[in-house]
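Just so it is clear, the model here is predicted, and its values are computed rather than measured. Below, chains carry the letters A, B, ... as their sequence lines are ordered, and counting in each starts from 1.
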Amino acid sequence: MRRREWLAASAALALGPGARAAAKARVLVVGGGWGGATAAKYLRLLSGGRIEVTLIDPQADFVSCPMSNLVLGGVWEMGDITRPRTALASGFGVNLVRDRVVSIDAGKREASLAAGPALRYDKLVLSPGVEMMWDSVEGLRAARDSGRILQAWSAGPETLALRRQIEALPDGGVFAIAIPEAPYRCPPAPYERACLVADFLQRAKPRAKLLILDANEDVTSKGPLFKRVWAERYAGMVEYRPQCKAVSVDAASNTVRFELADDVRADVLNLLPEMRAGALAVSSGLANSNGRWVNVDYRTFESTAARHVHVIGDAIQNVNAIPKSGHMANAQAKVAAAAIVAELSDWEPDPAPMLTNTCYSFVDAQRAVHVASVHRYEAAERTYRPVPGAGGLSAEPSEREARYAFNWARSIWADLFDPS
Amino acid sequence: MHRLLPLLIAMAALPARADDAAALRVRSLAAQCAACHGTEGHAVEGSLIAGLSGMPASYFSAQMKAFRSGARQGTVMPQLAKGFTPEQVEQLAAFFAAQRRRP
């Protein structure tokens, strides 16, 4: 539907119930995670129901990556991080389609599905998350397919499988997590995972060791806070090794080789390879930043490769300290939804949108820390800049912030799906 | 006459459309608060942090000012409050004050 028809529809509504309204503008949202679910809800909310919204995801339930390290640490269970998407339909009138989009034809404005018929759109929102670059570490694809070396970097069955491996770790055994060079999904998450697994091991297997093998030169997020916790709370158990870039892995011996550092053999090897935009973004030609990430017009999150396709979340090329986080995907989804509502109404999108981020990390089962930031769109530079003086870190881990972290999860999950 | 009707509708709609466009911007700015404070300021049941819906505008603005200056302590809010201009704070205050507080 073109703008004129959209306006005709609005005019018809203004004429009252007797007038026959033209078809509503239709937006397809592909991916029902942090970005996609938020986009679907806010497209309906901000348009006052004037836009028809269809959300497509192959999974019935949403499983939250943020807080999933609590499952690995034995603090929470899968049910605690799993939510149905049904309230988007009952509360907001979003059409929920359980299917997988296999391709996008931006010229015809049509998305092809694995099972159902192709769907036409006026605007498409793509929130595809990340895909592991299996071939960036030799031997990893086979090791992963055998079920021996897991990532659990998307929450779901693999989270539980990795938890089983941790439970089966012999006392005196070694758990190692290998971190790829940034950018990757959720900068502090590997360090939080190390903390929560160490917390479990201290209780259940006190002679075990935990190695953090980081391809980066230093801890990429909340560094001073994590390092102090490792040195004090987990002294003798956790060892941090920077500049460990994994190049190959041998699943038979659970040994990882690095570009420079010595080989490491571990009983449980949680090896995270480099990441890129979700598969659909890559196969659709949207990943136009080094073939890895999606360049967007940051004011509207419209792809620079395809008109009427807005891409949000971990898949986009990040600029100026914008993290790949669930909270940030939620924030971007709202800016994109507002821009789409404005464009379909023939209004100018907000010239100065804002993004906020708040990210909690647990350092043990009782205490958490946070990092927060505010980002303002600078029209002259066509990018976001952190607002000077705003944002920051916790002074120290606290039980108070752990309570806030649990509250944050409950609140933001509701913001993704639920009527208020 | 009927040929003028679309024009008349367009003219009548003009001021409202400008208002709507401005309202959309404020509403989407306020949506940045929703992740922690609830959609449109309606906090989740039993929330440890304040819902913003129905909060008097003067109280909202005063709290943001206090977070900025350090007069009011906190964890995340003193850091986030510094990210918004006084004009944005006024817009947010008016938006949340206009939301009906629910029991």
Task: Interface moiety of A:Ser373 toward chain B, non-hydrogen atoms closer than 4.5 Å - done: backbone

Task: Non-neighbouring partners of A:Glu381 that pass salt bridge (Lys or Arg N to Asp or Glu O under 4.0 Å), sequence neighbours left out - done: A:Arg385

TODO: Go through the atoms of A:Leu45 and report whether side chain, backbone, both or neither lie under 4.5 Å from a heavy atom of chain B.
DONE: both

TODO: Using non-hydrogen atoms and a 4.5 Å limit, figure out which bit of A:Pro349 sits close to chain B: side chain, backbone, both or neither.
DONE: backbone

- [ ] Among B:Gln32, B:Lys82, B:Glu45, B:Gln88, single out the residue with the greatest number of heavy-atom pairs under 4.5 Å to chain A.
- [x] B:Gln32

Task: Nearest non-hydrogen partners of B:Gly83 and A:Arg376, listed with the distance - done: O-NH2, 4.4 Å

Open item on the list: Can you give me the closest heavy-atom contact between B:Thr39 and A:Asp418, atom names plus distance?
Closed with: OG1-O, 4.4 Å

Open item on the list: Taking 4.5 Å as the heavy-atom cut-off, does anything in residues 402-412 of chain A contact chain B, and if so which residues?
Closed with: A:Arg403, A:Tyr404, A:Asn407, A:Trp408, A:Arg410, A:Ser411, A:Ile412

Open item on the list: A:Asp364: which residues meet the salt bridge (Lys or Arg N to Asp or Glu O under 4.0 Å) condition with it, sequence neighbours left out?
Closed with: A:Arg233, A:Arg367

TODO: Could you tell me which non-hydrogen atom of A:His327 sits nearest to which non-hydrogen atom of B:Ala35, and how far apart they are?
DONE: CE1-CB, 3.5 Å

Task: Interface residue of largest heavy-atom contact number with chain B, from A:Gly391, A:Ala414, A:Pro388, under 4.5 Å - done: A:Gly391

- [ ] Could you tell me which portion of A:Thr358 (side chain, backbone, both or neither) has an atom closer than 4.5 angstrom to a non-hydrogen atom of chain B?
- [x] side chain

Task: Residues in residues 70-80 of chain B near chain A [non-hydrogen atoms, under 4.5 Å] - done: B:Gly74, B:Thr75, B:Val76, B:Gln79, B:Leu80

Open item on the list: For the interface with chain B, which of A:Ala339, A:Ala352, A:Ala338, A:Ser398 has the highest count of heavy-atom pairs at distances below 4.5 Å?
Closed with: A:Ala338

Open item on the list: Ignoring hydrogens, what is the shortest heavy-atom contact between B:Leu29 and A:Met354? Give both atom names and the distance.
Closed with: CD1-CG, 3.6 Å

Task: chain B contact via A:Asn330 - side chain, backbone, both or neither, heavy atoms under 4.5 Å - done: side chain

